[in-house]
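Quantities reported herein were computed from a predicted structural model and do not represent experimental measurements. As a basis for the values below, the full set of heavy atoms in this structure was taken, side chains included, without hydrogen atoms, waters or symmetry mates.
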Amino acid sequence: LRDFVYPTRYTEMAAIATSFQWKGVHIQGSLLGTFIQDKLGDKRITASPRKNEFSPALFANYKPFARHDFRVQAFCKKSFRMPTFNDLYYTDVGNKYLKPEYTVQYDGGIVYRKNWKQKFFRSLEIQADGYYNIVTNKIIAYPTGRQFRWSMLNLGRVEIRGCDISVQTVWQLGKVEMGLHGNYTYQKAQDFTNPKNKFYGDQIPYVPLHSGSAVLSVSYRTWDFHYSFVYTGERYMLGGNVPVNYIQPWYTSDLSLSKVFHIKKVDLGVTAEVNNIFNQQYEVVKWYPMPGTNFKITLSLTI
């Protein structure tokens, strides 16, 4: 390939970890060392510099009640993400000067689980987490002005505040089992790189403030039915939260029905899907429209 550098990456990792448990308290700590060297087949181009990084982490959870599965949990950790080969070296897209992404994460939340035997309402699980992340050199993609051509860059400092809420339940009615899983995410991801920038503190590109999903599943013997709903709130392209960069919220609904036929020692599975059943017109990336209503049939054979 023209102008392709044929990269090779060597990665060595070493870790030390420990844990402590006393009554309802469980604490884990670890330290990960990561050492990365890139080599390029083209000697005329300099590879990304060698990386030697150490990532500590501390996790804790507390179960205050012995008879109830209720836990309070928290963690703090430091991590880094090395740019991929595409990020660094892909022709016309990669940026060999791209820096690794460093993150300090703080998270706290609760988890509650409850199971019932021989009842219509079989189980309930609720999880809620709040978090605060500080990201240095966050890696994002941005359009270069040519169609289908994007490139990568670092944002100097991004602060992310948010919460995740998840609820999952299971019901049993005779031989029919039903499940519902829903989740909601609030994420305020702000660019604090340059105080002199007029877009200082704006939401970073393509990160919605609100998003969520819900999945309903019904199983009866060898039949399975699934309905899924996905919602992504308003977002902005590029760096400024101004009307010209605004991307509308979108949602999709998908249906699937599957059946397994037992034929001697062979299982034949048939799945029919209808995706985007309301023909929602939306764009995950600005100016790249996604498919409208579409259908798919899948056959699987298990021997």
Does the side chain of M237 come within less than 4.5 Å of P205's, by heavy atoms? no
Check: N241 side chain, Y236 main-chain N or O, donor-acceptor pair, under 3.5 Å: no
Please determine whether side-chain contact (heavy atoms from CB on, under 4.5 Å) holds for the pair K138 and N133, giving the CA-CA distance in whole Å, both sets of side-chain angles, and the decisive distance to 0.1 Å. CA-CA 11 Å; K138 183 170 180 62; N133 302 338; over 6 Å; no
Any donor-acceptor pair under 3.5 Å linking the side chain of N154 with the backbone of N137? yes
For N276, does its backbone N or O pair with a side-chain atom of D254 as donor and acceptor, under 3.5 Å? yes
Taking N294 for its side chain and G292 for its backbone only, find out whether a donor-acceptor pair lies under 3.5 Å. yes
Do V266 and V260 belong to the same hydrophobic cluster, where Ile, Leu, Val, Met, Phe, Trp and Tyr are linked whenever their side-chain heavy atoms lie under 4.5 Å apart, directly or via other members? no
Report yes or no: do V215 and W250 belong to one cluster of Ile/Leu/Val/Met/Phe/Trp/Tyr joined by side chain heavy-atom distances under 4.5 Å? no
If only side-chain N and O atoms count, and only distance matters, is there a donor-acceptor pair under 3.5 Å linking Y184 with H210? yes
Do P83 and M152 come within less than 4.5 Å of each other through their side chains, counting heavy atoms only? no
Is any side-chain heavy atom of V167 less than 4.5 Å from a side-chain heavy atom of L124? yes
Taking E101 for the side chain and F80 for the main chain, is one N or O donor matched with an acceptor at less than 3.5 Å? no
Using modelled atom types only, decide if a donor and an acceptor are shared between the side chain of T193 and the backbone of G156 within a distance under 3.5 Å. yes
We want to know whether D38 and Y89 form a side-chain donor-acceptor pair, criterion being a heavy-atom distance below 3.5 angstrom. yes
I'd like to know whether D191 forms a side-chain contact (heavy atoms from CB on, under 4.5 Å) with D202, so could you lay out the CA-CA distance, the side-chain angles of the two residues, the decisive distance to 0.1 Å, and finally the verdict. CA-CA 6 Å; D191 181 6; D202 280 3; 5.9 Å; no
Does K286 NZ have over 12 foreign heavy atoms under 6.0 Å away? yes
Is any side-chain heavy atom of F75 closer than 4.5 Å to one of L58? no
Criterion side-chain hydrogen bond (donor to acceptor under 3.5 Å, both in side chains) on Q248 and Y282, from CA distance to verdict: CA-CA 8 Å; Q248 290 186 348; Y282 69 100; over 6 Å; no
Heavy-atom closest pair, residues D129 and G109: OD1-CA, 3.7 Å
Look at the side-chain heavy atoms of Ile, Leu, Val, Met, Phe, Trp and Tyr, link any pair under 4.5 Å apart, and say whether W223 and V176 land in one connected group. yes
Steps toward side-chain contact (heavy atoms from CB on, under 4.5 Å) verdict (V270, F261): CA-CA 8 Å; V270 181; F261 299 92; 4.0 Å; yes
Rounded distance (nearest 0.5 Å) linking atom NZ of K51 with atom OG1 of T34: 12.5 Å
Look only at the side chain of Q172 and the backbone of G174, and say whether a donor-acceptor pair between them is shorter than 3.5 Å. yes
Within 6.0 angstrom of I16 CD1, more than 12 heavy atoms from elsewhere: no
Show the numbers, then the answer: is there a ring pair (Phe, Tyr, Trp, His ring centres under 6.0 Å) between Y131 and Y106? CA-CA 6 Å; Y131 53 86; Y106 303 94; over 10 Å; no
Indicate if I134 and I139 have the same hydrophobic cluster label, given that clusters are the connected sets of ILVMFWY residues with side-chain heavy-atom separations under 4.5 angstrom. no
What distance separates K23 NZ from Y62 OH, expressed to the nearest 0.5 Å? 9.5 Å
Looking at every heavy atom in both A15 and L32, which two are closest together, and how far apart are they? CB-CD1, 4.1 Å
Determine whether more than 12 heavy atoms belonging to other residues, nucleotides or ligands lie under 6.0 Å from atom OH of Y10. no
From NZ (K39) to CZ (R50), nearest 0.5 Å: 8.0 Å
Between D267 and T302, is there a donor-acceptor pair closer than 3.5 Å when you use the side chain of the first and the backbone of the second? no
Tell me whether V135 is reachable from V207 by hopping between hydrophobic residues (I, L, V, M, F, W, Y) whose side-chain heavy atoms are closer than 4.5 Å. yes
Before giving the answer on ring pair (Phe, Tyr, Trp, His ring centres under 6.0 Å), spell out for F54 and F35 the whole-Å C-alpha distance, their side-chain angles and the decisive distance to 0.1 Å. CA-CA 9 Å; F54 293 91; F35 315 97; 5.7 Å; yes
Please give me the minimum heavy-atom distance between S253 and F229, naming the atom from each residue. OG-CD1, 3.6 Å
Donor-acceptor contact below 3.5 Å, side chain Q73 vs main chain N61: no
Is a donor on one side and an acceptor on the other found under 3.5 Å between the side chain of N279 and the backbone of T293? yes
What I'd like to find out is whether the side chain of S55 reaches to under 4.5 Å of the side chain of K77, using heavy atoms alone. no
K198 versus V242: any side-chain heavy-atom pair under 4.5 Å? no
Spatial distance of atom NZ (K188) from atom OH (Y132) [nearest 0.5 Å]: 14.0 Å
Nearest heavy-atom contact between A60 and I27 is CB-CG1, 4.1 Å
Take E12 and Q37 through the test side-chain hydrogen bond (donor to acceptor under 3.5 Å, both in side chains) and record every step on the way to the result. CA-CA 9 Å; E12 303 86 36; Q37 312 89 43; 2.8 Å; yes
Side chains of H26 and K63: does their closest heavy-atom pair fall under 4.5 Å? no
Does the plane of the ring in W171 sit parallel, tilted or perpendicular to the ring in F120? Use 30° and 60° as the thresholds. parallel
What is the distance from atom CE of M82 to atom CZ of R9, rounded to the nearest 0.5 Å? 4.5 Å
Testing the 3.5 Å rule here: is there a donor-acceptor pair between the side chains of H181 and S166? yes
Considering all heavy atoms of both residues, which atom of E234 and which atom of P249 are nearest to each other, and what is their separation? N-CG, 3.6 Å
Which pair of non-hydrogen atoms, one from T8 and one from F85, has the smallest distance, and what is that distance? C-CZ, 3.9 Å
Just how far is it from atom CZ of F225 to atom CG of L255, taken to the nearest 0.5 Å? 5.0 Å
Would you please say whether a donor-acceptor pair under 3.5 Å links the side chains of Q105 and D107? no
